[in-house]
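Here is the structure we will look at, set down as structure tokens.
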Amino acid sequence: MIKKILRIGILRLLFLLVLALYMAVWLSSPALLQGTLTMFFRILWSILPVLFLVFGIMFISNLLFEPKAISRYLGKGSGIRGWLLATAGGILSTGPIYMWYPLLSDLKSSGMKKSLIAAFLYNRAVKIPMLPVMMYYFGWEFTIILTIYMIIFSVINGIVVEKIGGGE
Amino acid sequence: MNEKIRKSLEKTGNAFKQSMPVLLLVLLLVSLAGTAIPKSFYSLLFTGNIFIDSMIGAFFGSIAAGNPLTSYIIGGELVRQGISLIAVTSFIVAWTTVGIIQLPAEILMLGKRFALARNIVSFFLAVIIAVLTVLTLGMI
């Protein structure tokens with residue numbers, strides 16, 4: 001309960017800070033504010049499908065999987081299957097990273113390991129549809145090497161994060 | 001079955017109610033950062049020293065926000081301007097793996113210790129991956 005009140009308090013404070021920032025922008029440069037709001041609505045519009053996807057997956061996983069099953073696939077005893085699921089999930093997921101926080105928070109409360117959450121988030125950096133653009137700018141050798149390292153280091157990232165950030 | 005659907009809807013609805021303010025907050029910050037920081041700004045940051053530049057790249061990649069595509073375009077432009085590939089690689093890796101702007105949301109939804117640990121570890125890994133990538137590329 002205290003945690004929830006604290007969370008709401010922090011959230012309100014952050015909203016006030018952002019509001020103050022927007023007021024400052026409005027006073028110093030109305031054109032910048034207009035550009036910012038245009039961008040805000042453009043991003044909001046573009047992420048709506050992802051929002052439906054994320055909460056759709058959450059609804060289905062709540063409906064079909066008991067926390068026990070989630071724990072089996074993504075929890076402590078999930079082993080290599082858990083790593084593969086987190087890696088593939090991270091690579092295949094679309095939209096901005098923050099759109100996936102609610103689902104991961106939900107899975108975490110159902111028993112998903114923190115190392116797998118970290119690996120999922122790290123693999124969000126590997127975006128298959130964007131690889132041709134990276135190849136265009138940096139060449140195919142660079143793109144392949146970087147992608148392989150990113151996938152390998154997502155596991156290292158998960159293990160280290162679990163070790164130092166897993167005590168909550 | 002109906003009871004299961006109702007329960008699942010209720011749980012998802014609660015998660016939605018809790019998440020939306022946080023997501024809106026991040027969206028407001030990302031939009032502001034995206035318009036307030038011009039793309040040309042990044043080329044002014046580098047010093048010519050590979051080690052310092054890779055840290056600078058990772059630092060500014062961490063505080064930048066937006067589509068990874070933007071980081072590739074900026075990165076491509078930086079390489080063309082003579083900035084080292086290690087610095088540019090740490091910049092694009094940190095852009096996609098570290099999120100200072102999203103950090104408040106990550107803390108609220110996934111826990112303070114986890115979010116801080118993940119972002120700090122990802123920051124240093126961005127530099128390590130950049131060095132390894134460029135070294136491996138040099139061996140081919």
Side-chain angles (χ1 to χ4, degrees), chain A residues 7 10-11 14-15 18 21-22 25 32 35-40 42-44 47 51 55 58-60 62-63 96-99 101-106 108 114 117-118 121-122 124-125 127 130 133-134 136-139 141-142 145-146 149-150 153 156-157 160-161 163-168, chain B residues 4-5 7-9 11-12 15-16 18-19 21-23 25-32 34-36 67-69 72-73 75-76 79 85 88-89 92-93 95-97 99 102 104-118 120-122 125 128-129 132-134 136-137 140:
Chain A
R7 184 182 182 275
I10 293 169
L11 197 59
L14 286 171
F15 259 110
V18 172
L21 210 60
Y22 268 70
V25 171
L32 180 63
T36 304
L37 289 176
T38 308
M39 191 175 204
F40 172 80
R42 194 170 49 78
I43 300 175
L44 187 65
I47 62 172
L51 200 66
F55 285 97
M58 199 186 287
F59 171 71
I60 291 167
N62 282 331
L63 186 69
I97 190 167
Y98 48 86
M99 297 303 300
Y101 294 158
L103 178 67
L104 293 171
S105 171
D106 200 52
K108 184 183 148 198
K114 284 178 184 163
I117 296 176
L121 290 172
Y122 207 83
R124 298 257 320 111
K127 290 281 123 278
M130 287 183 198
V133 184
M134 193 189 255
Y136 170 77
Y137 281 105
F138 300 98
E141 297 103 326
F142 174 91
I145 294 167
L146 180 62
Y149 275 131
M150 297 285 285
F153 274 88
I156 297 169
N157 179 280
V160 178
V161 169
K163 282 253 186 283
I164 59 175
E168 275 168 316
Chain B
K4 242 185 145 182
I5 292 173
K7 267 192 178 165
S8 178
L9 268 176
K11 210 175 162 196
T12 310
F16 184 81
Q18 280 194 356
S19 315
V22 183
L23 293 178
L25 188 78
V26 177
L27 216 56
L28 284 166
L29 284 170
V30 167
S31 310
L32 189 59
T35 38
N67 198 307
L69 208 63
Y72 303 159
I73 296 166
V79 169
L85 190 57
V88 173
T89 309
I92 58 175
V93 174
W95 181 298
T96 47
T97 57
Q102 299 98 296
E106 194 172 336
I107 287 173
L108 285 166
M109 309 216 71
L110 298 171
K112 190 166 95 182
R113 228 174 120 173
F114 172 85
L116 289 175
R118 196 190 73 76
I120 292 168
V121 172
S122 299
L125 285 187
I128 294 169
I129 289 175
L132 286 174
T133 303
V134 176
T136 312
L137 197 64
I140 294 175

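Quick note: numbers below take in every heavy atom, side chains included, and nothing from hydrogens, waters or symmetry partners. All chains are named by letter (A, B, ...) in the order of the sequence lines, taking the proteins before the strands, and each is independently numbered beginning at 1.
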message: Less than 4.5 Å to any heavy atom of chain B: does that hold for the side chain of A:Asp106, its backbone, both, or neither?
response: side chain

Contact leader toward chain B among A:Leu103, A:Val133, A:Ile156, where contacts are heavy-atom pairs under 4.5 Å: A:Val133

message: Go through it in stages, so that I can follow the logic: the residues are A:Thr36 and A:Tyr22, the test is side-chain hydrogen bond (donor to acceptor under 3.5 Å, both in side chains), and I'd like the CA-CA distance, side-chain angles, deciding distance and then a yes or no.
response: CA-CA 9 Å; A:Thr36 304; A:Tyr22 268 70; 5.5 Å; no

is_close_aromatic(A:Tyr137, B:Tyr72), centroid dist under 6.0 Å: no

field: Engaged part of B:Leu85 at the chain A interface, taking heavy atoms whose separation is under 4.5 Å
entry: side chain

- prompt: If you count heavy-atom pairs under 4.5 Å between each of A:Leu21, A:Leu121, A:Leu37 and chain B, which one has the most?
  reply: A:Leu121

task: Tell me, out of B:Leu125, B:Val134, B:Ile107, who's got the most heavy-atom pairs with chain A below 4.5 Å.
output: B:Leu125

field: Side chain to side chain, A:Lys114 and A:Val161, heavy atoms closer than 4.5 Å
entry: no

field: Engaged part of B:Leu116 at the chain A interface, taking heavy atoms whose separation is under 4.5 Å
entry: neither

statement: Ranked by heavy-atom pairs below 4.5 Å to chain A, first place among B:Thr97, B:Thr136, B:Leu28, B:Leu137 goes to B:Leu28

task: Would you mind reporting whether A:Phe138 and A:Leu146 have side-chain heavy atoms less than 4.5 Å apart?
output: no

message: A side-chain contact here means heavy atoms from C-beta on lying under 4.5 Å apart; do B:Ile5 and A:Phe59 qualify?
response: yes

- request: Count the heavy-atom pairs under 4.5 Å between each of B:Val93, B:Thr96, B:Thr35 and chain A, then report the option with the highest count.
  value: B:Thr35

query: Any idea which of B:Ile120, B:Val88, B:Thr89 has the most non-hydrogen atom pairs under 4.5 angstrom with chain A?
result: B:Thr89

task: May I ask you to test the B:Arg118-A:Ile117 pair for a side-chain heavy-atom distance under 4.5 Å?
output: no

query: Given the options A:Ile145, A:Val25, A:Thr38, which has more heavy-atom pairs under 4.5 Å with chain B than any of the others?
result: A:Ile145

Structural part of B:Ile140 lying under 4.5 Å from a heavy atom of chain A: side chain

query: Given a strict heavy-atom distance threshold of 4.5 Å, which part of B:Ile128 is in contact with chain A: side chain, backbone, both, or neither?
result: side chain

query: Between B:Gln18 and A:Pro102, is any pair of side-chain heavy atoms under 4.5 Å apart?
result: no

message: Counting C-beta onward and ignoring hydrogens, is there a side-chain heavy-atom pair between A:Ile43 and B:Ser31 closer than 4.5 Å?
response: yes

message: So for B:Val79, is it side chain, backbone, both, or neither that comes closer than 4.5 Å to the heavy atoms of chain A?
response: side chain

task: Taking the side chain as every heavy atom from C-beta outward, state whether B:Phe114 and A:Lys108 have any atom pair closer than 4.5 Å.
output: no

